Each structure stands twice: as C-alpha cells, then as structure tokens.
Protein chains: 2
Amino acid sequence: MTEKHNKYQSGCPIAYGLDIFGDRWSLLVIRDMAIKGARSYGELLKGSEGISTNILAQRLKSLEESGILQKAKDPQNGRSFIYSLTQKGRDLAPVLADIAMWSAKHNKAGHAMTGFSDKVQADREGVISRIYAGELP
Amino acid sequence: MTEKHNKYQSGCPIAYGLDIFGDRWSLLVIRDMAIKGARSYGELLKGSEGISTNILAQRLKSLEESGILQKAKDPQNGRSFIYSLTQKGRDLAPVLADIAMWSAKHNKAGHAMTGFSDKVQADREGVISRIYAGELP
DNA sequence: TAGATCACTTGCAAAATGCAAGTAGTGAAT
DNA sequence: ATTCACTACTTGCATTTTGCAAGTGATCTA
C-alpha cells in the first residue's frame, strides 16, 4: 500500500485527512462499513445515498490505496469480495461520531438514521470503542 | 438564512454534515477561521493551500447560507469585510480536533502545522472549548 | 487625483461526476 | 454442458464542478 493522494499536500493534519476522505462520498462509504456493517460492493452501492457504480469503484480503490480499507475474496462465494475497514479506517470513528453529534444539534429537519445520533449522544465513548473493535455501534 | 444544499438529502446525520462541508475546501476555510484566526477574504485566500479566488467566493457564500459563518462590514476599513464563524461553525471544533488526532497517528510524513495536532493531543477538551468560545486554540 | 488594495466576477479549459449500458468471471439450475 | 443469473466491476459520453488568468468596481492612501 502506497500513500498517494498528495495532490494538495501541505503538511497540515486537516489537509492530510481531507486529501484522503475530503469528498462527497468517501466518508459515506466509511460510514456504511463502520455503522451499517456493509461488506460487499452491492451493499455499499445500495447504502450510499445513490452513489454511482463507477464512483464507488473509484473510491474503494482510492480508500484501499490510502490504507483505510482492505479487500479480500469471500471464501463462501467466489464471485464476491469482502471489504473491511483497517484500523486506520476504524480510527475515523470519532470523526463520524462528532459529525453525527453536530448534526443532531444543528439539523432541525433530521429524521432518518437518528439511531446513530441517539447512540452517540447517549454513549459516545462506547460507540467509538465498538467501532474501534470492528463491531457495529 | 435558509437551509439549502439538500442535493443529496437523506436524513442521515453524516450526510447532512457532508452536504454542508463535504468537499475539498470548506473544512479548510473553517480551519483557517477556527485555528488560524483568518477573518478577511485575503487572509483566507492566502491560508487555504492555494484555493482559487472563485472557489473561495463560492464556498464563503455557501457556508454563509448554511449558517456556518457570517459576513460583516469592517468598521475600520470600508472596502473590507470581516468573516467570522457562528456557533454552528465553532461547533465543528471536535471534528477538526479528531481529524488532527487521526492524522497525527496515521500521517507518518507530517511535519508542518503539527502545532495544532500537538495542542489537541495534549489537551483536546481545552482546544475545543477555546474554539467554542471564539478564541484561538 | 493617481495609484494601490480589497473583494470579488468572468471566461474558458480541464477535471471530476453522474448516468446508462456493457463485460467478465463465478455459481446454480436444467 | 449449457443456459441463466449474480456480483463486481468498466466504458462512453453528457453534465457539472474546478482551476487558472485576467478583469472590474468600490474604497482607501499619498
């Protein structure tokens, strides 16, 4: 795995993160894996608010190259692959948690998927440590 | 201020956040205001890793419409404006802090602007509460 | 009152995105 | 053994967004 994505490299830690997941879809893919337990291409395609298939393929490749996730053959089904977050990917749990808390506070129109916001607000640390451990929050 | 940006509206709290700041530049603008204390168009233009002027203008408008920041005339200088984060914008401090902590852990090549990472690692809560209060971390 | 500042806007090329359709390698059923 | 379906993509092309360079207009400054 090689670090790429250095298009905007500046040494700033915020910019480093954005260089990897600072686009419309990457964090949604990570969310689907971390929070919803999505593991296959098909699940991710259905999960991410209508991401198109070419963009999903591109993001998966890019996130794999950045060490956020890994791809393995499904031993149960030869035509399918299993995507899973690496520790580097699971370490983004606090970011997901804080965005959810921020939205819970500021999105007055929110209604769907409040489950995660609720869990985070009730027990932020517990949610984060479950994601760290590779479990569902 | 009207809530727009509902292009991808799904009700998910993560998607709500990404809808507002899920692009290459918005969080960098917010970072420059929250962490570096940037207040004018010119400072933001110089601060954000080479953002182009049309994109900066666009983002400032969009972030203002989303209630993240506000724009006021500079009473000292009639040709200049003062941009400042609203509480909604300052509430993103934990997100910035966690991205910085994540990068500190995973970006082995990092060197510039480690000051913020160091501060966050030493005293995350202090950094966040100073940003909440509108101070520099 | 001429020149510099500041905050943009405009025009155009280049890149990223979105959509629809197609492909390749299994697996399952006949 | 062959057809059909499933899974994970790839490809082509139109649309949208971005990036760069240059230009505009309203202050301030000398």
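It should be emphasised that the depicted structure is a prediction, and the values quoted were computed from it without experimental measurement. Lettering follows sequence order; numbering is per chain, from 1.
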Note to self: What is the separation between atom CG on Asp23(B) and atom C1' on dT16(D), rounded to the nearest whole Å?
What the structure shows: 14 Å

Check: Over how many whole Å does the gap from Glu49(B) atom CD to dG19(D) atom P extend?
Finding: 12 Å

Note to self: Please report the distance, rounded to the nearest Å, between NZ in Lys46(B) and C1' in dT5(C).
What the structure shows: 10 Å

Next item on the list: Check the distance between dG18(C)'s P and Arg24(A)'s CZ and give it to me in whole angstrom.
Entry: 9 Å

Notebook entry, point to check: CD1 of Ile51(A) versus P of dA16(C): gap in Å, rounded?
Noted result: 16 Å

Check: OP1, OP2 of dT18(D) versus side-chain N and O of Trp25(B): anything below 4.0 Å?
Finding: no

Note to self: Could you check whether Arg24(A) pairs with Asp23(B) (Lys NZ or Arg NE/NH1/NH2 to Asp/Glu carboxylate O, under 4.0 Å)?
What the structure shows: no

Notebook entry, point to check: Apart from Tyr132(A) itself, what residues make up its hydrophobic cluster, given side-chain heavy atom links below 4.5 Å?
Noted result: Ile128(A)

Report each atom pair, protein N/O against N/O of nucleotides 9-14 of chain D, whose distance is under 3.5 angstrom.
residue	atom	partner	partner atom	Å
dC9(D)	OP1	Lys71(A)	NZ	2.8
dC9(D)	OP2	Tyr83(A)	OH	2.2

Margin query: Quick check: closest heavy atoms across Thr53(B) and Leu45(B), and the distance to 0.1 Å?
Written below: CA-CD1, 3.8 Å

When you compare the protein's N or O atoms with those of nucleotides 27-30 of chain C, which come within less than 3.5 Å of each other, and at what distance?
residue	atom	partner	partner atom	Å
dG27(C)	OP1	Gly78(A)	N	2.8

Notebook entry, point to check: Atom CG of Asp74(B) and atom P of dA26(D): how far apart are they, to the nearest Å?
Noted result: 19 Å

Margin query: Nearest to the side chain of Ser52(A), heavy atoms from C-beta on, is which of dT7(D), dG18(C), dT18(D)?
Written below: dG18(C)

Checklist line | Interatomic distance, Leu56(B) CG vs dC6(C) P [rounded to whole Å] | finding: 15 Å

